[in-house]
Amino acid sequence: MNVLYKSSYLCTRIDIKHGKMELTSKKRQLLPHELFLHIRSFLPHLSKHLVTHAWRLWRKDEVEEHSTVWNKIFKEDTWLCAVVKLGYNPVLIGYDIERFYKGHKGRYYLALALAHDGDGGRSKPGLDELTGLLGRCLRDAHVARINSVSEYYFPKLGLTLNAHDALYGNRFTLVSDPGELVGQPFIVPKLFSAYLYWKDDTFKVRKIKPKKILGIGKSSKKNANYILGLEMKYFPSGLPSTESRKYPPRQHYFLRPGVEWEVDEIWSTDRKGLTGWKWKKGRNGTNH
């Protein structure tokens, strides 16, 4: 595929042959964001970091971070493109996203989920045919079973990736330890998390603040080690960020197997939203 784009800023030919991209430019200047998005629309998502390095594009840091994180996990984008065609928008969730991008030593834990507009975002049809494809698109990962939950482990990266929502799309996502998806910054006794969409024209890692995080109990004493709720901005089918206000934020729930039977939901007084959970009488999570 050849793309020729002429403007007062740039005359560039982009050749994509056999998965390789060649750039020919007569000028090397800062691209305006609108032009960048136009050119990017012709390219595979995993190639955009090459464009960034070649041209010093606007928002280089955010584009590079987005590309680096996804490329560390996926060796090819076949599964990502397949779920996008079904109307989903893949999203990585977890406090460790920025540490993972920067390559800090240690272990990381992330969840791979799918934003979807059907049935309030709960029902996710068409995923059964893609189950095997996801594993084949990951980089050097094998399945590990932890706390009765199967997750992908990347030994070279020190990363554990939970893909239960991406594979099965149930209302509650089974994870080995929900508490691994949140963290506490130094000296701040509150829980935070983060998420990164595959299709997002801002490319940025989005923060989840303490008041948007649910657990057992309330305030700073909430316990997220058994069941966790995270409220996120919702971009179904990769809508432009300017369109996201049409969709209210949604909560995504993570829990250890069986915990849903041991807790009661706590709702706001107007019943418009879930605010957390409490243990049922005689239960305290000791079986998990």
Describe, in one word, how the ring planes of H66 and W70 are oriented to each other, choosing from parallel (under 30°), tilted (30 to 60°) and perpendicular (over 60°).
tilted

Could you tell me whether the side chain of [X] and the main chain of [Y] form a donor-acceptor pair under 3.5 Å?
X	Y	result
K212	K207	no
S150	R145	no
D96	Y109	yes
N162	L174	yes
K233	R250	no
S193	L181	yes
R256	N225	yes
D200	T202	yes
D165	L114	yes
N147	S176	yes

[X] and [Y]: which non-hydrogen atoms are nearest, and at how many Å?
X	Y	value
Q184	Y95	C-OH, 3.8 Å
L191	K222	CD1-CG, 3.9 Å
E76	R136	OE2-O, 4.4 Å
K278	I216	CA-CG2, 4.3 Å

E260 vs L255, test: side-chain contact (heavy atoms from CB on, under 4.5 Å). Steps then yes/no.
CA-CA 8 Å; E260 67 270 31; L255 78 169; 3.1 Å; yes

Distance-only donor-acceptor check, side chains Q251 and Y253, under 3.5 Å:
yes

For atom NZ of K72, decide whether the heavy atoms of other residues, nucleotides or ligands shown that lie under 6.0 angstrom number more than 12.
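Buried by this count: over 12 neighbours within 6.0 Å.
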
Counting only heavy atoms not in R139, do more than 12 sit closer than 6.0 Å to its CZ atom?
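More than 12 heavy atoms, drawn from other residues, nucleotides or ligands, come within 6.0 Å of this atom.
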
Just how far is it from atom OG1 of T160 to atom OH of Y152, taken to the nearest 0.5 Å?
13.0 Å

Below 6.0 angstrom between ring centroids: does that apply to Y153 and H142?
yes

Strictly under 6.0 Å, is that where the ring centroids of Y226 and W277 end up?
no

Residue among L127, L80, L130 satisfying side-chain contact (heavy atoms from CB on, under 4.5 Å) with Y88:
L127

Heavy-atom side-chain contact between L274 and S268 under 4.5 Å:
no

Are L138 and I146 co-members of a hydrophobic cluster defined by side-chain heavy atoms under 4.5 Å apart?
no

